[in-house]
Structure formats: C-alpha cells, structure tokens
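First the structure, in the form of structure tokens, and then the observations on it.
Here the structure is a predicted model, which is why all the values come from computation and not from measurement.
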Amino acid sequence: MNEEIDRINRVLPTTTTGWYDKSYEIRQWTQSVNSRIEHYKAEHLALLKEATTLLELVLWKANLINDEDNFPDAKGKIDENIARQRQGKRITSGANIIITNILPFLQLQ
C-alpha cells in the first residue's frame, strides 16, 4: 500500500505539463487507493465476523464448563435434558452482551 501511495510522487513530476494530464493521473491514483481501501475494509469485516463467532463459542464453552451438570456421564452420552440445557446455555451465555460491548472497539469507522 505504501508503494501505491508513493507512486503519485513518482508519476506527477514526469507527467506532461497539461492540467488535464495531471488531473487524470490524480484521479486514477485516487481510484486505485480507494479500491484498495475498500478491499481491506471487506477483509477486515470478514475477519471480524469470524472472530465474533469464535468469541461466542468460547463464551458458551466457558459457561458449559462452569456448570458441572452439563458434563456427560461415564459412558460419554448426553441425555436429551442435558442437550436442551446446553442449547439454553448458548442462548443465555451472555455473549450477545459482551459482543455488543466489544464490537465498537473492533469496527472501522
């Protein structure tokens, strides 16, 4: 990205003296920089969505670990009641509150 930003400093001095030629080069450069910025914003958003999902799963897992009733029995089976409790823990894990308060610090303005 730094190379793209420095490119305008190399191109403008060698551009013909017509005002149209220089403004055309500046417009091309601006479009190029803007398209790169948009690409990075989209990439950041995709990573942010993935991180949000992982954070939600980690909070759910931590909530399950704290509740010893949700551990499977000795045979490794989980009955239906415990499965429903696990799903309920996912909803009540508090992830929506935590994520809502963390996202403003991670989002681009």
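For Thr30 (side chain) and Ile26 (main-chain N/O), a donor-acceptor pair under 3.5 Å exists by modelled atom type.
Shown here for Glu25 and Arg7, the closest heavy-atom pair between the two residues is OE1-NH1, 4.5 Å. Across Glu56 and Ile99, no two heavy atoms sit closer than the pair CB-CD1, 4.0 Å.
Distance check: Leu47 CG to Tyr40 OH gives 13.0 Å after rounding to the nearest 0.5 Å. Separating the CD1 atom in Ile98 from the CG atom in Leu59 is a distance of 4.5 Å, to the nearest 0.5 Å. Leu55 CG to Ile102 CD1: the interatomic distance, rounded to the nearest 0.5 Å, is 5.0 Å. For the atom pair Asn34 CG and Lys41 NZ, the distance stands at 8.5 Å (nearest 0.5 Å). Here Lys49 contributes atom NZ and Leu54 contributes atom CG; the two are 14.5 Å apart, rounded to the nearest 0.5 Å. Interatomic distance, CH2 of Trp60 versus CG of Leu57, reported as 7.0 Å (0.5 Å rounding).
Cluster annotation: Leu45 and Ile37 are assigned to distinct hydrophobic clusters (Ile/Leu/Val/Met/Phe/Trp/Tyr, side-chain heavy-atom contacts under 4.5 Å, transitive).
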